[in-house]
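One structure is given below, encoded as structure tokens.
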Amino acid sequence: MAKGRPPDPTRAKRGTGNRPKPGEAKPARQRLPVVVQATPVVELEPYPPPVTLPEAAHDVWRAVVADLGGAGHMRRSFLPQIHVYCEAVHAHAQATELLRRDGLMVPGANGGWVKHPAAGIQKDAAATILRFADALGLTPAARIRLALEEVAGMSIMQSLQRGLDKAPA
């Protein structure tokens, strides 16, 4: 049993305008030009650099955020530590520039030579950089230590596999 409307042979001949009359061509369809306007896509940074961070340290901020976010480890709670890390990198760069310009020794108040004050700043900033890079997992050693369970698990699996390979069949 067929479903739907029963066939009507006179339906196509009723002049509904769908068929051209005999001897006439179908009129051409008017096509309007399509204008495509490109709208720029603005990608917002998920964790933009804070306004209090010096402009020179923004690249460091973005690199750290990308490094942590790319690994799926970026959290909002890391932002203060990243801020301190970037400030330390900026202070280290400034102190290094002063040391290059002035040298390690500068004339002191008594006329003798003393160690440049920027050397202490550079040393403290380097220690801060290493401490925070270690806490954030930005160094190779920190990454291995933070993923210690995986490394230990892999070594156990490797030793079991070696034992199975050496066992007599």
Side-chain angles (χ1 to χ4, degrees), residues 30-169:
Q30 292 286 333
R31 294 193 181 198
L32 298 174
V34 178
V35 178
V36 178
Q37 292 183 347
T39 54
V41 177
V42 179
E43 289 188 29
L44 298 175
E45 289 180 283
Y47 302 100
V51 293
T52 57
L53 191 67
E55 185 70 32
H58 283 200
D59 288 339
V60 176
W61 176 277
R62 288 186 182 99
V64 171
V65 168
D67 195 24
L68 293 175
H73 293 101
M74 187 62 196
R75 305 283 184 267
R76 203 166 270 296
S77 61
F78 293 174
L79 298 181
Q81 291 119 351
I82 296 172
H83 191 273
V84 172
Y85 175 81
C86 292
E87 289 279 359
V89 169
H90 181 64
H92 187 274
Q94 285 181 321
T96 301
E97 186 59 37
L98 286 173
L99 289 172
R100 281 192 191 123
R101 187 187 71 200
D102 301 337
L104 289 174
M105 303 298 282
V106 292
N110 298 334
W113 291 93
V114 294
K115 184 171 87 170
H116 199 297
I121 295 171
Q122 184 189 38
K123 180 181 176 184
D124 292 343
T128 303
I129 289 168
L130 288 174
R131 191 167 44 250
F132 278 87
D134 193 49
L136 290 168
L138 299 175
T139 63
R143 289 180 192 267
I144 290 172
R145 191 178 59 257
L146 291 174
L148 187 59
E149 296 160 22
E150 290 180 27
V151 173
M154 289 176 67
S155 62
I156 291 171
M157 290 300 292
Q158 288 173 349
S159 64
L160 288 173
Q161 185 63 42
R162 275 190 238 124
L164 289 173
D165 291 343
K166 289 180 183 179

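Heads up: numbering here begins at 1 and tracks the sequence. The shown structure was predicted, so the numbers you read here are calculated from the model rather than taken from an experiment.
Between L98 atom CG and Q122 atom CD the span is 10.0 Å, to the nearest 0.5 Å. Atom OG1 of residue T96 and atom CZ of residue R101 lie 12.5 Å apart, to the nearest 0.5 angstrom. Rounding to the nearest 0.5 Å places CE of M74 at 3.5 Å from CD1 of I82. D124 CG to I129 CD1: the interatomic distance, rounded to the nearest 0.5 Å, is 11.0 Å. Between the CG atom in L99 and the NE2 atom in H92 there is a gap of 9.0 Å [rounded to 0.5 Å].
When all heavy atoms of H116 and D102 are compared, the pair lying nearest together is NE2-OD2, 3.0 Å. When all heavy atoms are compared, the tightest approach of G108 to V114 is CA-CG2, 3.9 Å. A88 approaches A125 most closely through the heavy-atom pair O-CB, 3.5 Å. Shortest non-hydrogen contact noted between L68 and F78 is CD1-CD1, 3.9 Å. Between A95 and A118 the shortest heavy-atom distance is CB-O, 3.5 Å.
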Tell me which donor-acceptor pairs under 3.5 Å the side chains of residues 54-63 have, and how far apart each pair is, sequence neighbours excluded?
residue : atom : partner : partner atom : Å
H58     : NE2  : L53     : O            : 3.2
W61     : NE1  : Y47     : O            : 2.9
W61     : NE1  : P48     : O            : 3.4
R62     : NE   : E45     : OE2          : 2.8

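Residues passing the side chain to side chain donor-acceptor pair (under 3.5 Å) test with T52, sequence neighbours excluded: H83.
Residues V84 and R131 fail the side-chain proximity criterion, which asks for heavy atoms closer than 4.5 Å. Between L79 and P50 the shortest side-chain heavy-atom distance does not fall below 4.5 Å.
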